[in-house]
Amino acid sequence: MKIVVIGGTGLIGSKTVDNLSRLGHAVIAAAPNTGVNTLTGEGLAEALAGAEVVVDVANSPSFEDDAAMAFFQTAGRNLLAAEQAAGVKHHVALSVVGTERLQASGYFRAKLAQEALIKAASTPYTILRSTQFFQFVGGIVHAAAAGDAIRLPPVLIQPIAADDVAAALTKVVVGRPVNGTLEVAGPETFRLDAFAEQYLSAQQDPREVVADPQALYFGAVLDDRTLVPGAGATLGETTFEAWLDESMAAD
């Protein structure tokens with residue numbers, strides 16, 4: 001079947017495109033650099049013609065509150081309208097575990113608004129919420145840096161490898177719409193500060209990680225369950241240690 005992956009040249013999108021292509025599907029990697037722009041509508045109708053499934057893994061280029069909201073609402077409305085016109089049978093979107101618990105952050109308010117648009121549209125849908133990717137641990141450390149210290153709350157996190165996210169997303173895409181939300185997470189649970197310490201140790205970075213219950217996570221206050229999935233989540237297979245070993249070898 002024909003499948004269009006919005007954000008198909010990014011980290012998760014490119015892996016999902018590869019997975020679906022290997023299964024024999026006709027897959028279009030749609031992104032501004034391939035002539036498809038959900039913000040302006042450029043190339044949308046042409047890309048979606050004859051498509052049965054649309055997968056949206058595009059992310060806002062800015063985490064600033066207003067910019068993120070404008071991106072997800074404008075792109076979401078344009079994409080869902082184009083899907084309705086094209087007769088798309090399944091809209092699949094990637095979102096974030098704990099989005100409704102992170103509403104102090106403008107970015108996560110925008111993600112929740114995106115989810116609301118999907119639920120209100122006429123196209124059958126599946127939303128797959130993922131925990132944080134291993135690949136973004138460096139960004140977490142950078143955001144929490146205060147001088148020579150990394151200040152993070154000692155709360156639980158269950159991060160996942162991007163390959164495992166793409167594998168779970170691929171299964172959703174070739175399945176039936178659930179008209180609801182599924183979750184995917186990594187196989188291990190860490191304290192957020194210990195997760196950062198393990199990464200810094202592998203990088204031979206001498207900075208100290210300080211467990212600070214009052215520290216914010218991208219502007220949001222966390223409790224022990226904010227970043228972890230509920231019961232029934234799909235679990236990836238790749239451990240953080242295995243991913244670190246592979247990424248260090250690649251460097």
Side-chain angles (χ1 to χ4, degrees), residues 1-38 43-59 75 79-80 82-83 86-97 118 123-137 158-188 229 232-251:
M1 62 181 168
K2 180 179 176 180
I3 302 167
V4 178
V5 181
I6 305 296
T9 60
L11 174 65
I12 302 299
S14 59
K15 294 176 183 295
T16 304
V17 166
D18 288 345
N19 289 348
L20 292 167
S21 297
R22 283 195 294 270
L23 292 175
H25 298 289
V27 189
I28 292 179
N33 61 2
T34 66
V36 182
N37 191 320
T38 53
L44 262 183
E46 294 81 1
L48 268 56
E52 292 187 43
V53 183
V54 171
V55 189
D56 186 6
V57 295
N59 202 4
L79 181 57
L80 290 163
E83 288 176 7
V88 170
K89 297 179 175 63
H90 190 185
H91 177 97
V92 179
L94 185 63
S95 193
V96 184
V97 164
I118 294 165
T123 303
Y125 72 92
T126 305
I127 295 169
L128 180 65
R129 284 183 169 184
S130 172
T131 54
Q132 187 59 271
F133 310 154
F134 293 155
Q135 283 82 352
F136 289 164
V137 60
Q158 198 168 335
I160 185 169
D163 284 344
D164 290 344
V165 177
L169 195 61
T170 300
K171 291 180 180 179
V172 169
V173 171
V174 299
R176 294 182 177 275
V178 303
N179 291 317
T181 303
L182 306 174
E183 292 185 318
V184 63
E188 306 164 293
T234 296
L235 300 184
E237 297 180 355
T238 309
T239 66
F240 186 47
E241 183 176 2
W243 177 82
L244 274 175
D245 287 346
E246 183 178 339
S247 61
M248 293 301 107
D251 291 342

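- Applying the side-chain hydrogen bond (donor to acceptor under 3.5 Å, both in side chains) test to Thr234 and every residue at least two apart in sequence or in another chain returns nothing.
- When all heavy atoms of Ala93 and Ile118 are compared, the closest pair comes out as CB-CD1, 3.5 Å.
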Using atom types as modelled, flag every donor-acceptor pair under 3.5 Å from a side chain in residues 1-8 to any protein atom, sequence neighbours excluded.
| residue | atom | partner | partner atom | Å |
| --- | --- | --- | --- | --- |
| Lys2 | NZ | Ala47 | O | 2.9 |
| Lys2 | NZ | Ala49 | O | 2.6 |

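- Residue His91 holds its NE2 atom at 8.0 Å from OG1 of Thr123, rounded to the nearest 0.5 Å.
- For the atom pair Glu246 CD and Asp163 CG, the distance stands at 7.0 Å (nearest 0.5 Å).
- Qualifying side chain to side chain contact (heavy atoms under 4.5 Å, CB included) partners for Glu241, counting only residues two or more places apart in sequence or in other chains: Gln198, Thr239, Asp245.
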Under 3.5 Å, which donor-acceptor pairs link side chains of residues 166-182 to any protein atom two or more places apart or in another chain?
| residue | atom | partner | partner atom | Å |
| --- | --- | --- | --- | --- |
| Thr170 | OG1 | Asn19 | ND2 | 3.1 |
| Thr170 | OG1 | Ala166 | O | 2.7 |
| Asn179 | OD1 | Tyr125 | N | 3.0 |

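- The minimum heavy-atom distance linking Leu235 with Gly186 is given by the pair CD2-O, 3.6 Å.
- Taking Gln135 as the reference, nothing meets the side-chain hydrogen bond (donor to acceptor under 3.5 Å, both in side chains) condition, with sequence neighbours excluded.
- A donor-acceptor pair under 3.5 Å links the side-chain atoms of Asp164 to the main chain of Glu237, judged by distance alone.
- Nearest heavy atoms, Pro229 versus Ala185: CG-CB, 3.6 Å.
- Note that CG of Asn33 and OG1 of Thr9 are 4.0 Å apart. Values are rounded to the nearest 0.5 Å.
- A distance-only check finds a donor-acceptor pair linking the side chain of Thr131 to the backbone of Gln158 [under 3.5 Å].
- Partners of Phe240 under the ring-ring contact (aromatic ring centres under 6.0 Å, His included) rule, at least two apart in sequence or in another chain, are Phe134, Phe190, Phe195, Trp243.
- Leu44 approaches Asn37 most closely through the heavy-atom pair CG-O, 4.4 Å.
- In this structure, CG in Leu80 is found 10.5 Å from OG1 in Thr38, a value given to the nearest 0.5 Å.
- Listed here is the closest heavy atom pair of Ser130 and Leu94: CB-CD1, 4.1 Å.
- For Thr238 against Ala161, the heavy-atom pair with the smallest separation is CB-CB, 3.8 Å.
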